[in-house]
Amino acid sequence: MKYYKIAPRLTRVLGLEIFVFVSFLAICALINLIAGIQNDTTTFWNFIIGAGKVILSFILVGLWLSLWYYLTKKLIKVKKEENLPVKTI
Amino acid sequence: MVSAIVIYITTFFVPLLLSLVVLPFYIRFMKNKKIVGTDIHKESQPKVAEMGGIIILLAMIIGSIIAIFIVSDPSDKLTIGIFCITITIAGIIGLIDDFKPLSAIIKPILLLFASIPIIVSKRYIAEPMLPFVGKTRLNIVYLALLPFVVSVPANAVNMLDVFNGSMATTSMLVLIAIAIASGLIFGFNFTELNLTYVFLLITLGALLAFWFFNRYPAKVFAGDTGSLTIGAAIGAIAVLGQLEIVVIIAMIPFIMNAFGTLSSVKGLVERRKMPARPTSMTKDWKLQANPDPKAPITLAGIVLQKGPLCEEDVVKSFNILTILSCILAIITAVLIRVTVK
């Protein structure tokens with residue numbers, strides 16, 4: 001089968017790939033905003049703010065990965081339900 | 001001093017020609033010794049030579065050793081050596097797994113050790129580049145994540161090595177995307193030696209030759225030796241070439257396949273110990289998603305839900321998904337370049 005004939009079967013997975021990428025870019029834009037937060041002049045607060053920025057960024061990356069995992073799982077579930085045999089009365 | 005172009009040509013053609021010459025003899029030898037596996041996706045159930053990944057590993061080791069000899073900078077020699085040791089550790093773990101299957105938990109744990117050469121030699125820059133953000137400084141966190149940089153891609157590539165040519169073609173696409181991305185970020189200057197290209201060409205040379213014998217209908221299987229070696233090489237290239245994010249994006253289908261398996265079997269389960277196979281065969285020998293609720297849902301399972309496909313077409317589906325992820329990886333590289341400049 002030619003490639004162009006197979007591609008339409010993959011719309012959902014291709015859509016998920018694009019969504020994962022776009023959401024990653026959105027996360028990067030958010031991390032960029034977080035990185036722009038002004039540091040404090042005192043050493044203690046500077047450390048707290050710096051650590052907070054890193055933790056917040058990692059929470060965002062964690063959320064992105066969880067969303068990706070959840071959507072893959074959902075895609076699987078939908079597919080499994082579609083595959084169930086039709087009940088007849 | 002050998003010019004960069006000569007180094008590139010040598011590091012590509014040595015593993016390529018070596019594998020092309022040795023593989024036919026290897027296949028004959030393995031068949032004579034009855035070290036073969038059944039290709040269960042074909043009606044004739046042909047016997048196919050196992051563990052062809054040994055040749056990939058040997059070709060890559062020899063390619064790396066030759067590169068060490070022809071590169072003049074001692075620091076570059078050491079970096080190539082580190083790459084060589086990393087893939088060798090992963091390859092040996094794969095070899096052990098091929099002979100005596102390791103448990104689904106032990107294998108990824110053992111693969112964590114493959115990153116040790118990179119960590120000990122400090123051949124990494126803890127500044128992964130993100131689009132819009134540019135270089136980030138993650139000293140401690142980066143170090144904590146480093147052990148997974150080889151283990152995760154190695155396992156992800158291993159999980160996608162299920163059909164004739166599927167691992168080889170998708171991995172080659174990822175390697176090509178990494179090469180383009182590296183050029184976009186660091187510049188396409190072929191007169192100066194870029195070690196990322198050396199690693200990519202060594203891997204690509206060995207893999208291209210292997211693909212000739214592994215494509216449909218396969219004459220040899222890679223085994224875990226091959227898939228773990230290639231996955232480890234991709235992981236090592238990501239770290240040594242500062243292309244971590246690009247590699248993650250290029251490997252989206254591999255990660256999705258791993259996510260699918262993990263979520264449907266609720267954890268790490270050895271392929272041979274899964275309660276049911278993800279796919280089954282139709283009467284006309286096409287692949288179909290296994291309707292058994294116990295069957296793990298892999299990328300192949302998702303691709304096949306709209307109806308049965310022959311093995312070649314399933315591999316083509318994987319290629320389509322990888323081509324898209326590679327395009328997205330190249331876009332990521334462009335965005336990183338724009339941000340860093």
Side-chain angles (χ1 to χ4, degrees), chain A residues 1-36 50-51 53-55 57-62 64-86, chain B residues 129-134 136-141 145 245 248-249 252-253 255-264 288-293 295-299 301-307 309-310 312-325 327-329 331-332 335-336 339:
Chain A
M1 204 187 281
K2 300 274 183 212
Y3 273 90
Y4 68 86
K5 283 188 179 171
I6 300 170
R9 297 169 61 108
L10 307 170
T11 42
R12 278 192 197 171
V13 196
L14 291 170
L16 179 60
E17 269 193 54
I18 292 168
F19 177 79
V20 165
F21 177 67
V22 173
S23 59
F24 171 70
L25 291 184
I27 296 285
C28 286
L30 280 173
I31 292 173
N32 189 36
L33 284 177
I34 294 165
K53 282 182 190 179
V54 173
I55 291 167
S57 303
F58 271 89
I59 289 171
L60 284 173
V61 173
W64 173 65
L65 279 173
S66 310
L67 184 71
W68 183 1
Y69 179 77
Y70 170 76
L71 288 174
T72 308
K73 207 171 159 181
K74 206 174 172 199
L75 187 78
I76 290 164
K77 258 190 181 170
V78 169
K79 294 290 180 188
K80 270 208 164 180
E81 277 159 16
E82 278 176 3
N83 209 31
L84 286 175
V86 181
Chain B
M129 288 180 276
L130 291 172
F132 307 128
V133 184
T136 53
R137 261 182 293 158
L138 300 168
N139 300 329
I140 301 164
V141 180
L145 293 174
I245 305 303
I248 292 172
I249 299 296
I252 285 178
I255 302 169
M256 223 136 71
N257 181 52
F259 275 171
T261 312
L262 289 175
S263 72
S264 54
Q288 65 179 356
N290 192 348
D292 186 341
I297 300 283
T298 57
L299 202 57
I302 300 172
V303 164
L304 290 166
Q305 290 289 350
K306 281 199 174 172
L309 278 177
C310 62
E312 276 179 296
D313 293 336
V314 177
V315 177
K316 281 180 184 172
S317 306
F318 287 177
N319 292 347
I320 292 170
L321 296 172
T322 314
I323 288 166
L324 177 68
S325 67
I327 292 168
L328 298 177
I331 295 170
T332 308
L335 291 171
I336 289 172
T339 315

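It should be emphasised that the depicted structure is a prediction, and the values quoted were computed from it without experimental measurement. All chains are named by letter (A, B, ...) in the order of the sequence lines, taking the proteins before the strands, and each is independently numbered beginning at 1. Below, all heavy atoms of this structure are taken into account, side chains as well, without hydrogens, waters or symmetry copies.
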How far apart are the closest heavy atoms of [X] and [Y], and which atoms are they?
X	Y	result
Val141(B)	Val54(A)	CG2-CG1, 4.4 Å
Ile252(B)	Glu17(A)	CG2-CG, 3.5 Å
Asn319(B)	Tyr3(A)	ND2-OH, 3.0 Å
Ile331(B)	Phe21(A)	CG2-CZ, 3.8 Å
Lys306(B)	Thr11(A)	NZ-OG1, 4.0 Å
Val13(A)	Met256(B)	CG1-CE, 3.3 Å

Choice from Leu309(B), Ile248(B), Leu299(B) maximising heavy atom contacts with chain A below 4.5 Å: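 Counting heavy-atom pairs under 4.5 Å, the top option is Leu309(B).
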Closest-packed option against chain A by number of heavy-atom pairs under 4.5 Å, given Ile245(B), Ile255(B), Leu335(B), Thr136(B): Ile255(B)
Within the 4.5 Å heavy-atom criterion, are [X] and [Y] side-chain neighbours or not?
X	Y	value
Ile320(B)	Leu14(A)	yes
Lys5(A)	Asp313(B)	no
Ile18(A)	Leu324(B)	yes

Would you say Arg12(A)'s side chain and Ile302(B)'s backbone share a donor-acceptor pair under 3.5 angstrom? no
Contact origin within Thr339(B) toward chain A - heavy atom pairs under 4.5 Å: neither
Let me know if Ile249(B) has heavy atoms under 4.5 Å from chain A in its side chain, its backbone, both or neither.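 Contact with chain A: side chain only.
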Measuring heavy-atom distances to chain B, does Leu33(A) have an atom under 4.5 Å in its side chain, in its backbone, in both, or in neither? neither
Tell me which donor-acceptor pairs under 3.5 Å the side chains of residues 22-32 of chain A have, and how far apart each pair is, sequence neighbours excluded?
unit_1, atom_1, unit_2, atom_2, d
Ser23(A), OG, Phe19(A), O, 2.9
Ser23(A), OG, Val20(A), O, 2.9
Ser23(A), OG, Trp64(A), NE1, 3.2
Asn32(A), ND2, Phe132(B), O, 3.4

